[in-house]
Amino acid sequence: CAVVAAADKLPALSRAAAGLDKGAPLANVIVWGDGTEPKAAAAADALRGCASKIAPIEWGSALELGNAAPEALRRADPPGPEDASTLMFTSGTTGQPKGVLFTHGALVAAVAALDATASSAERGFDVGGRFLSYLTLAHVFGRLCEEFCFSRGIQVYYVKDMRAFNKEIADAKPTLMCGVPRILERIYTGIEDGVRKASPLQRLAFRAALGLKRALQAAGVSSARGGGGGAGVPLLDTAVLASARKALGGSVRAIVSGAAPLPRHDASELEAVFGAPVVEAYGLTDTAAASLCLAP
């Protein structure tokens, strides 16, 4: 078998490979990125020198080898439902991290369940939407968010640098936003800071708009627009709250929070500002399970 890794991960891989010399069938490492960096080059030499004689291959060279292979070897051989798909690890917050082997069938079932939930809820998880991916794909919540988007034809944008998160979200203009409470709370805190710096009239208009939408929520009238427009208050959404909505790119139609409980007050505030339903999600790495809990 082979491992595909970025060049900057070779030092860690070379250390792990030392424990594979007892008969593990790892033969090749396919590398992308700058493998000439001193640490990466030293790690590649260490891999070649280990008992398994692992041979690092540059990405472009691997493609050339594949193109030159006989047709019989290049022919697709799709996996079955019981075949192994991926190995993921629990966070380790309650003990030593555990590696969980997922089959293709388990992941497909989880994505299908999410798809059925989203379809029945009609919450704006639509084909042609946009999703900004910044959650770790090493855990099941981030992984299933992304695979769910693939299944529904939602475009996936990847954050290159979290330090430039505001710029990247402005460029992507996601229609679906998934995040952990800490990120969502930070976004709302940024909006509040902007309001405090605004003129007295702007502050008054924002507080009045937010108060009206919160009153609608309390009366059981959703302020989430789902497909667009707002629940009977489009003027507030477009004239008063439009600038605040730019914090999520200005196009968001659904917000999913996961990994920890989101305080109900924060969820209500986010719904009122962005006119989008806030959904709490739960992922369990041990079983590949995922569920969406619609906030009351």
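Owing to the predicted nature of the structure, the values given are computational and were not obtained by experimental measurement.
- In terms of heavy-atom proximity, Ala6 sits nearest to Val31 at C-CG1, 4.3 Å.
- Residues that satisfy the side-chain contact (heavy atoms from CB on, under 4.5 Å) test with Tyr158, not counting sequence neighbours, are Ser133, Glu146, Phe150, Val156.
- At a threshold of 4.5 Å between side-chain heavy atoms, the hydrophobic network of Ile, Leu, Val, Met, Phe, Trp and Tyr places Ile183 and Leu270 in one connected group.
- A distance of 11.0 Å separates SG of Cys178 from CG of Leu144, quoted to the nearest 0.5 Å.
- Here Glu269 contributes atom CD and Glu185 contributes atom CD; the two are 12.0 Å apart, rounded to the nearest 0.5 Å.
- Heavy atoms only, all atoms of each residue included: Val111 and Phe148 are closest at CG1-CA, 4.0 Å.
- Distance check: Tyr157 OH to Lys173 NZ gives 9.5 Å after rounding to the nearest 0.5 Å.
- When all heavy atoms of Ala267 and Val278 are compared, the closest pair comes out as O-CG2, 3.6 Å.
- From Leu184, atom CG reaches atom CZ of Phe274 across 9.0 Å, with rounding to the nearest 0.5 Å.
- Residues passing the salt bridge (charged side-chain N to carboxylate O under 4.0 Å, His left out) test with Glu71 are Arg74, sequence neighbours excluded.
- No continuous path of hydrophobic side-chain contacts links Val108 to Val100 [ILVMFWY only; heavy atoms under 4.5 Å].
- Taking the salt bridge (charged side-chain N to carboxylate O under 4.0 Å, His left out) definition, one finds that Arg207 meets it with Glu192, sequence neighbours left out.
- For the atom pair CD1 of Ile187 and CZ of Arg182, the computed distance is 11.0 Å after rounding to the nearest 0.5 Å.
- Remark: Glu147 pairs with Arg143 by the salt bridge (charged side-chain N to carboxylate O under 4.0 Å, His left out) rule, at least two apart or across chains.
- Remark: Pro79 pairs with Asp83, His104 by the side-chain contact (heavy atoms from CB on, under 4.5 Å) rule, at least two apart or across chains.
- For the atom pair CD1 (Ile255) and OG1 (Thr175), the distance works out to 11.5 Å, reported to the nearest 0.5 Å.
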In a table with atom names and distances, give each donor-acceptor pair under 3.5 Å that connects a side chain of residues 194-201 to protein atoms at least two apart or in another chain.
from, atom 1, to, atom 2, distance (Å)
Arg196, NH2, Asp193, OD1, 2.2
Ser199, OG, Gln202, N, 3.2
Ser199, OG, Gln202, OE1, 3.2

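- Cluster membership for Val3 and Ile57, using ILVMFWY side-chain heavy atoms within less than 4.5 angstrom, is not shared.
- Using a 4.5 Å cut-off on side-chain heavy atoms (C-beta onward), Pro181 and Asp266 make no contact.
- A continuous path of Ile, Leu, Val, Met, Phe, Trp and Tyr side chains, each step under 4.5 Å between heavy atoms, connects Leu63 with Trp32, placing both in one hydrophobic cluster.
- Among the candidates Asp171, Ile169, Val252, the single residue satisfying the side chain to side chain contact (heavy atoms under 4.5 Å, CB included) test with Leu132 is Ile169.
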